[in-house]
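First the structure, in the form of structure tokens, and then the observations on it.
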Amino acid sequence: MYAIVDCNSFYCACERVFKPHLAEKPVVVLSNNDGCIISRSDEAKALGVGMAGPYFLAKPLIEKHDVEVFSSNYNLYGNMSWRVMEVLRIIAGKNNVEVYSVDEAFVNLNGFGCNQVREVGERFKNTIEQWTGVNVSIGIAPTKTLAKLANGISKMNKIKTGCIAVLENEEKIMKALKITPVKDLWGVGGQSAKKLLNLNILTAWDLRQMPEEWARKNLGGVVGVRLIKELRGEKAIVMNEFKDKKMIATTRMFGDAVTSLSDIKEAVSTYTSRAAEKLRRQYSAASTINVFVVTNEKGEEGAHFKHGPTYSRHKILSSPTAVTNELIKPAMQLAEQLYQEGKKYKKAGVILSGIVPDNSIQADLFEERKSIGRFLMEQIDNINFSMRDDSVKYVASGLKRDWKMRQELRSPRYTTRWDELREVK
DNA sequence: TCTGGGGTCCTAGGACCC
DNA sequence: TCTGGGGTCCTAGGACCC
């Protein structure tokens with residue numbers, strides 16, 4: 001059996017842990033640049049605040065009901081996430097926990113008997129809530145897809161289920177499949193949902209009746225086959241052991257549109273530094289760097305919302321590297337090639353790929369390698385980690401940073417900065 | 001008029017996820 | 001006026017090889 005453990009309104013929950021007076025109040029958290037709403041407390045949902053909607057559209061509703069609003073505080077959420085996952089690892093053993101996202105993890109429960117799994121789920125839930133202050137919902141079933149489905153059911157009526165749903169036998173599975181619309185299945189997005197609806201396949205139960213060959217032809221090939229197997233209780237999606245990322249990206253909207261090449265270069269340089277840090281954290285090096293910019297031009301007529309075209313260029317490096325300045329140099333060239341005078345830019349980003357372990361770098365025969373890079377990087381990473389963000393940075397990244405994103409409502413980083421600790425009088 | 005067969009690797013783009 | 005960021009996997013099609 002698998003469990004999926006999912007934190008309820010995770011970002012809002014993190015804010016509330018340190019501001020107990022918000023416990024019963026509606027709370028929302030905004031995306032970077034204060035653009036969209038990405039987390040809502042139950043109270044905010046009840047008021048009709050939509051998910052992933054633009055903040056400016058929801059603002060009247062938010063002000064009318066005195067909803068508490070926060071900019072996202074990823075230092076805080078990342079650290080709280082680690083604490084939650086650590087509880088699971090302590091209880092279930094670290095090899096049985098697969099962190100799926102910042103607020104979700106799958107746990108392999110094979111070590112427990114069928115009649116024990118609910119009890120284990122309760123132990124997860126109670127311990128996490130007691131140790132971190134974050135509430136979770138749990139779904140338990142024979143496959144990951146069914147566990148996700150169970151989790152959905154546990155959330156439909158939190159009081160009745162106690163936020164835990166277990167599908168331990170065929171009868172319960174059948175019942176659950178019949179009340180779940182296909183569009184709510186894990187792995188069915190907008191496109192597939194539309195297709196299925198046209199074929200009058202409405203519930204998860206309907207979909208489970210379809211032959212695998214049909215899925216191979218009409219539902220995304222092997223992806224569809226896997227989904228149907230999972231619904232039948234056949235494990236088709238297994239535990240992923242920890243894997244290095246195959247792609248590392250740092251991309252941001254600008255606070256305000258940017259027009260000058262120097263601002264673009266500063267931003268791209270900053271994102272490159274950040275991406276290189278992520279690269280070094282997993283002891284990897286990258287061999288391809290891709291830089292892109294998005295302009296302010298009018299998007300397609302009638303599009304859901306307008307964003308301008310993306311211009312991108314990449315460069316394949318002569319040998320993989322994780323040294324920031326070796327990445328900034330090509331990044332700057334790419335930025336210069338992309339830049340067009342007179343355009344307004346609203347976003348830029350850097351994507352590193354062609355990722356290999358940094359201990360097996362195939363050296364370039366024709367290039368002299370500077371071994372100082374690695375040592376220097378370690379020192380810079382250490383200083384930036386222990387002091388504050390970017391105590392040490394490359395001049396190319398700029399000092400003023402006029403292009404920086406908006407983040408007007410961020411709470412203190414209570415758990416990762418000494419000078420921002422919660423004070424208790 | 002008529003131009004093989006079998007394979008690998010890479011990239012771009014689609015779909016999906018949180 | 002104002003709409004996020006960071007990933008994964010898969011497929012199709014092109015380039016290339018013998």
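In what follows, chains carry the letters A, B, and so on, assigned in the order in which the sequence lines appear, proteins first and then strands, with residues in each chain numbered from 1.
Under the 6.0 Å cut-off for aromatic ring centres, A:W186 and A:F106 qualify, their centroids lying closer than that.
For the pair A:L76 and A:P412, the tightest heavy-atom approach, listed with the atom from each and the gap, is CD2-O, 4.5 Å.
Each of C:dG4, C:dG7, C:dG5 was ranked by its minimum atom distance to the side chain of A:T251; first place goes to C:dG5. You'll find that the side chain of A:N32 is closest to C:dG4, out of C:dG6, C:dG4, C:dG7.
Within the nucleic acid shown, A:M253 comes within 4.0 Å of sugar-phosphate atoms alone, with no base atom in reach, counting heavy atoms only. Looking at heavy-atom distances under 4.0 Å, A:L30 makes no contact with the nucleic acid at all. Across all strands shown, A:N33 has no heavy atoms under 4.0 Å from either base or sugar-phosphate atoms. Across all strands, A:K278 comes closer than 4.0 Å only to sugar-phosphate atoms, never to a base (heavy-atom distances). At a threshold of 4.0 angstrom between heavy atoms, the contacts of A:K347 are confined to the sugar-phosphate backbone, with no base atom among them.
Within a 6.0 Å sphere centred on CH2 of A:W214, other residues, nucleotides and ligands contribute more than 12 heavy atoms.
Judged by distance alone, the side chains of A:S269 and A:S397 do bring a donor and an acceptor atom under 3.5 Å apart. Side chains of A:R226 and A:T145: no donor on one and acceptor on the other come within 3.5 Å. A:E15 and A:Y414 share no side-chain donor-acceptor pair at under 3.5 Å. A donor atom on one side chain and an acceptor atom on the other are not found under 3.5 Å apart for A:S137 and A:D6.
Across the protein-nucleic acid pair, A:E277 atom CD and C:dG6 atom P stand 13 Å apart, rounded to whole Å. What separates NZ of A:K404 from P of C:dG5 is a distance of 13 Å, to the nearest Å. Rounded to whole Å, atom P of C:dC9 lies 13 Å from atom CD1 of A:I355. Atoms NZ (A:K346) and C1' (C:dT3) sit 8 Å apart, rounded to a whole Å. Rounded to whole angstrom, the span from the CZ atom of A:F254 across to the P atom of C:dG5 amounts to 10 Å. Nucleotide C:dT3 holds its C1' atom 13 Å from the CD1 atom of A:I62, rounded to whole Å. Distance A:K245 NZ to C:dT8 P: 6 Å, rounded to the nearest Å. For the pair A:D244 CG and C:dT8 P, the computed distance is 10 Å after rounding to whole Å.
In this structure, A:G221 and A:F56 both approach DNA chain C, and ranking their closest nucleotides by distance from the 5' end singles out A:F56. Between A:K246 and A:Y11, the residue anchored closer to the 5' end of DNA chain C is A:Y11, taking for each the nucleotide with the nearest heavy atom.
For DNA chain C, if you chain together Watson-Crick or G-U pairs that step i with j, i+1 with j-1 and so on, the runs of at least three with distances under 3.5 Å are B:5-18 with C:5-18.
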Which protein N or O atoms sit under 3.5 Å from an N or O of nucleotides 11-18 of chain B?
unit_1, atom_1, unit_2, atom_2, d
B:dC16, OP1, A:G189, N, 3.2
B:dC16, OP1, A:S192, N, 2.9
B:dC16, OP1, A:S192, OG, 2.3
B:dC16, OP2, A:G190, N, 3.4
B:dC16, OP2, A:Q191, N, 3.0
B:dC16, O5', A:G189, N, 3.4
B:dC17, OP1, A:L185, O, 3.4
B:dC17, OP1, A:G187, N, 2.4
B:dC17, OP1, A:V188, N, 2.9
B:dC17, OP1, A:V188, O, 3.3
B:dC17, O3', A:W186, NE1, 3.4
B:dC18, OP1, A:K148, NZ, 2.8
B:dC18, O3', A:S101, OG, 3.0
B:dC18, O3', A:D103, OD1, 3.0
B:dC18, O3', A:E104, OE2, 3.2

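Distance noted for atom C1' between B:dC2 and C:dC18: 24 Å (whole Å).
Salt-bridge check for A:R280 with A:E277: failed, with every basic side-chain N at 4.0 Å or more from each acidic carboxylate O. The pair A:E230-A:K148 does not meet the salt-bridge criterion, since no charged nitrogen lies less than 4.0 angstrom from a carboxylate oxygen.
Of the inter-residue distances, the one linking A:T321 atom OG1 with A:K329 atom NZ reads 10.5 Å to the nearest 0.5 angstrom.
In this structure, A:R226 reaches the C:dC10 phosphate: one of its side-chain N or O atoms is under 4.0 Å from OP1 or OP2.
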